[in-house]
Amino acid sequence: MKGVGVVVGEYLVRVKGEGSRVGVLGEGERSGPRERAVVEGVVPKGALLFLGRDAEAGQVVRGLEGGRRVQVTGVAGVGKSALLRRGAGLYRRKDLVFLEAGGKETGDLLQDVFEACFYAEGYRPGEAELRRLLAEAPVRLVIDDLAAAAVDRVLDAVPRGGVVFSGASRADHGDVQVLDLGGLGRDPAIALLAAVLGGELGERSRAEAVWNATGGEPLGLLRAAAGAIGGELPPPGRVADLVPTLIATLDEAALRVLALLGLPGCGAVRPSLLDDLVPMGGAAAERLARMGLAVETVDGHRIAAGPVTAPNPAAAEIRATARVLRAWALAPDRTPEEIAAHADLLAAVTAAASRTGDAESGGLLARAASPGAATSLRLGAWGRILEQGKAAAERAGDRRTLAYLLHEDGVRLLLAGRRAASASALAAAAVLWRELGDPAGAVRTEEAREVLRHGASVADLQPVGRPEPVPEPRAERSAPEPHTPAHAAPRSGGGSRAKHAVPSTGRGFRFVVGGGLALAAVAGGYAAVAVAASDTVAVKLAVRTAVLSAELPGDATCDAAAGGTDCTSVIRAEKGEPRLVVVRPALPSGVVDLRYWGCDEGPESRTCTVTAEAERTVCATTVSPRDADARAECAALTEEAATGRPASGVVSLAAPTQWKVSVEGAPVACAHGTDEIGSAFDPITGKRRCGEFRLTVGRRVTLTAVIGGQVPAKGRFVDPATVDRTPVWYGCDEGPEAAACTLTMTRDLIETAREGGPAAVACVATRSAFDFGARTICADLTGAPHPAE
């Protein structure tokens, strides 16, 4: 009997193509790992361009040298990853391990650290042994994109080691020093633009305006440089909307790579695999990175943060990709490490195949990848593949593939210590094997159930060789089972009706695991198999979007919305155990990018994992410009649920100027004609109050004012050319009487706001003598000194 054996804690697993076998190791059969003489880590190559961050890179290096805990925070696109890579490159010792944490389960991340420090092929220690081994490990960690929920566990696992990590939100940990990263200064930003454009910068004033419009964020600067024509940078007002223009210039290879990376939950893909999937795909990904549409990481290229709406791949393209990936996964020289590194891609393509009508290909892809993922010892990566594979096989009505994937998931859950969920999956697999008339499959599953109940010897399960190839499933496809009326429930062995039986939908076999029951398809209906209930907590899932309809898991309540979704659902998660939350959209053309708030991965994440100790709130929407308010609502909803404190504040716009004015950059319209009285009467200003919008903590807007129109009536004898109509802003980050306005919402602004009043006011007038009163009004509204006459 061929196969490969791996050890996870107290269990020995023999991974085989037709299904894994699991048993319990005896005391004398366990061998301990050996510590490596030198930590085996990877030092990443530097970012594409790195300018203006030398002081911050020095802080990263000093944190590593001093064994301190340092977190780098900042908005998406500000350069956190580039800074960590630079700091890691400057750190000269050999005890460094650099890890990309985005989307990874914390246990998989710690397994990476363990393998870097110890020789232990085919071995994943249990939690207690892992903590004991790593407690004395002389290691320094640099971790990019570490989820807030994972911080405590990672820091506790390496109490002696220095850890520098990045994250979207601040870690709630007492001994973590926070380095809050802002945008680049003016000179480094202009130097970056010049470097990308090969020194052909054009007018410096335009470069300074672009720097101001992007807030100095490197990702925005890259996009602005990519949008330059003949060395001339785009107008500052267009910088925020460059992405569609850049996408329109892409060649076919780059478009196909962007569509692949843009699949929900795709993660990073290595250039070598991109070349297999798209001719010259690796080179195309590099072009995307230079344009700010993709990001190069240690693990490959991933789609860039921000409003990058990738094109929808055609169904035929997804089908071809799934088949190529299946052949790739089954290649004799494919390593478990490669499978685990691309688990997000494999899961994303599996889900996409299911959505586009080829669910059978998706299920078969997950089956092909499962043995390699299992032997990689990355239980989280294995789980993501299995989760999407089960959904695809269920949708396709492929019972044989579904039985295999349920069995494998039951084994995985057993290894992870999630015994109740393991019992549910194995019970459902056992029923299916019997339905299929597959005694060998039924025996393997019953062996695993016996280990779950009582433990079993593994004397005949010795680790040898590689996992054998996945056998081709039988050609037969089961016809839908005949419909069984609700009163004709399947009978138990004693002749009585099975409790909680419900009628079949007639669309194949559906398995629902949760609430202490595993519902297994039996003779046209479902029979409930009782399992031990575990502690669960409620996870509230809200979907707020104006651009697509979506299918929510759990018990959903929805408000009707034309072409959109305004729903709230309640699902259950096992206490302390990670649960993947997926919103399945019915995607219209051009909209493919969902974002989640309230998840372990942090705000605006592409995937959502929830590890809940108490009730949690998750919110999902899209990156569409039409969902700007929904994104602010999601951020506020999840932050308020987590902290009990307001996470967003109201910004009030005012434009008391007598000139014709239009304010751009706000999610609400603000425009008045010459001498026009505002429709919203304001007892303070009397006129020209434009409107209000909500801004979450840490987010900012860049406002610009376009001033025009005729000279006010009282100045009809004045030459318009002699009047200074330069906009003057109050209430902005730049201070009073500023030529530009960037407004960042902070918690201090919210907490000091008058009850019921706005947290911030942005008010615009002009330098014109006609607007002296308007400037005085702006000063009163924002608490600034009155202007001098």
For this session: Using side-chain hydrogen bond (donor to acceptor under 3.5 Å, both in side chains) as the criterion, list what pairs up with Thr702, not counting sequence neighbours.
Result: none

Exercise. Would you say Thr565's side chain and Leu548's backbone share a donor-acceptor pair under 3.5 angstrom?
Worked result: yes

Exercise. Under a 4.5 Å cut-off applied to non-hydrogen side-chain atoms, are Leu258 and Leu288 in contact?
Worked result: yes

Exercise. So do Arg206 and Pro235 actually touch side chain to side chain, heavy atoms under 4.5 Å?
Worked result: yes

Problem set entry | Residue pair Cys619, Tyr596: steps toward the side chain to side chain contact (heavy atoms under 4.5 Å, CB included) verdict | CA-CA 6 Å; Cys619 187; Tyr596 296 86; over 6 Å; no

Problem set entry | Distance-minimising heavy-atom pair for Ala268 and Thr297 | CB-OG1, 3.8 Å

For this session: Just grab all the side chain to side chain donor-acceptor pair (under 3.5 Å) pairs involving residues 243-263, residues at least two apart or on different chains.
Result: Asp251-Arg287, Arg256-Glu317

Exercise. How far does OG of Ser166 sit from CZ of Arg85, to the nearest 0.5 angstrom?
Worked result: 12.0 Å

Problem set entry | Counterpart residues, salt bridge (Lys or Arg N to Asp or Glu O under 4.0 Å), relative to Arg544 (two or more places apart) | Asp566, Glu633

Exercise. What residues form a side-chain contact (heavy atoms from CB on, under 4.5 Å) with Ala57, not counting sequence neighbours?
Worked result: Phe50, Leu83, Arg86, Leu90

For this session: State which residues pass side-chain contact (heavy atoms from CB on, under 4.5 Å) with Ala76; sequence neighbours excluded, sorted by chain then number.
Result: Ala305

Exercise. So which heavy atom on Ala294 is nearest to which on Leu261, and how close?
Worked result: CB-CD1, 4.3 Å

Exercise. Is the closest side-chain heavy-atom distance between Pro787 and Arg767 below 4.5 Å?
Worked result: no

Exercise. Under the side chain to side chain contact (heavy atoms under 4.5 Å, CB included) criterion, do Trp597 and Thr617 qualify, and how do the steps go?
Worked result: CA-CA 8 Å; Trp597 280 257; Thr617 297; over 6 Å; no

Problem set entry | With sequence neighbours excluded, residues passing salt bridge (Lys or Arg N to Asp or Glu O under 4.0 Å) with Glu604 | Arg699

Exercise. Is there a side-chain contact between Val651 and Val761, using heavy atoms and a 4.5 Å cut-off?
Worked result: no

Taking distance alone, no hydrogens or angles, what donor-acceptor pairs closer than 3.5 Å link side-chain atoms of residues 176-195 to residues at least two apart or in another chain?
| unit_1 | atom_1 | unit_2 | atom_2 | d |
| --- | --- | --- | --- | --- |
| Asp180 | OD1 | Thr73 | OG1 | 3.2 |
| Asp187 | OD1 | Arg204 | NH2 | 3.1 |

Exercise. Do Leu255 and Ile247 have side chains that get closer than 4.5 Å, going by heavy atoms?
Worked result: yes

Exercise. Can you list every side chain to side chain donor-acceptor pair (under 3.5 Å) pair that touches residues 214-228, not counting sequence neighbours?
Worked result: Glu217-Arg700

Exercise. Where do Ala101 and Leu146 come nearest, in terms of heavy atoms and distance?
Worked result: CB-CA, 4.0 Å

Exercise. Among Leu594, Ile303, Val623, whose side chain to side chain contact (heavy atoms under 4.5 Å, CB included) with Arg606 holds?
Worked result: Ile303

For this session: For Ser605 and Cys608, indicate whether the former's side chain and the latter's backbone hold a donor-acceptor pair under 3.5 Å.
Result: no

For this session: Using the test side-chain contact (heavy atoms from CB on, under 4.5 Å), find all partners of Trp729 that sit at least two apart in sequence or belong to another chain.
Result: Val663, Leu703, Ala705, Pro727, Cys732, Cys741, Ala762, Val764

Exercise. At what distance, to the nearest 0.5 angstrom, does CG of Leu219 lie from CG of Leu293?
Worked result: 8.5 Å

Exercise. Is it true that the side chains of Thr742 and Glu734 contain a donor and an acceptor less than 3.5 Å apart?
Worked result: yes

Problem set entry | Sequence-distant partners of Ser81, side-chain hydrogen bond (donor to acceptor under 3.5 Å, both in side chains), two or more places apart | Asp144

For this session: Give a yes or no answer on whether the side chain of Thr766 reaches the backbone of Ser768 with a donor-acceptor pair at less than 3.5 Å.
Result: yes

Seminar exercise, completed: Taken in chain and number order and not counting sequence neighbours, the residues that satisfy disulfide bond (SG atoms under 2.5 Å apart) with Cys266 are none

Seminar exercise, completed: Value for CD (Glu296) from CZ (Arg302), rounded to nearest 0.5 Å, stands at 11.0 Å

For this session: Supply the atom-to-atom distance Arg626 CZ to Thr621 OG1, rounded to the nearest 0.5 angstrom.
Result: 10.5 Å

For this session: With sequence neighbours excluded, tell me which residues meet side-chain contact (heavy atoms from CB on, under 4.5 Å) with Ala628.
Result: Arg631

Exercise. Just by distance, do the side chain of Asp733 and the backbone of Thr744 share a donor-acceptor pair under 3.5 Å?
Worked result: yes

Exercise. Can you find a heavy atom in the side chain of Leu250 that is under 4.5 Å from one in the side chain of Met291?
Worked result: yes

Exercise. Got a donor-acceptor contact below 3.5 angstrom from the Lys80 side chain to the Val75 backbone?
Worked result: yes

Problem set entry | Beyond-backbone contact of Phe693 with Val701, side-chain heavy atoms, under 4.5 angstrom | yes

For this session: Any chance you could measure Leu653, atom CG, to Leu781, atom CG, to the nearest 0.5 Å?
Result: 11.5 Å

Exercise. Which atom names give the shortest non-hydrogen contact between Ala774 and Ala765, and what distance separates them?
Worked result: CB-CB, 3.8 Å

Seminar exercise, completed: Minimal heavy-atom distance between Leu637 and Ala542, with the atoms involved, is CD2-CB, 3.9 Å

Seminar exercise, completed: Between Pro656 and Cys763, the two heavy atoms sitting closest are CD-SG, 3.5 Å

For this session: Go through the steps to decide whether Asp780 and His786 satisfy the test side chain to side chain contact (heavy atoms under 4.5 Å, CB included), and finish with yes or no.
Result: CA-CA 7 Å; Asp780 285 339; His786 280 193; 2.5 Å; yes

Exercise. Quick one: CG on Asp54 to CD on Gln59, what's the gap to the nearest 0.5 Å?
Worked result: 12.0 Å

Exercise. Is there a donor-acceptor pair closer than 3.5 Å between any side-chain N or O of Lys660 and the backbone N or O of Ile707?
Worked result: no

Problem set entry | Steps toward side chain to side chain contact (heavy atoms under 4.5 Å, CB included) verdict (Leu197, Leu233) | CA-CA 9 Å; Leu197 293 174; Leu233 291 167; 3.9 Å; yes

Exercise. Do Trp659 and Asp771 have side chains that get closer than 4.5 Å, going by heavy atoms?
Worked result: yes

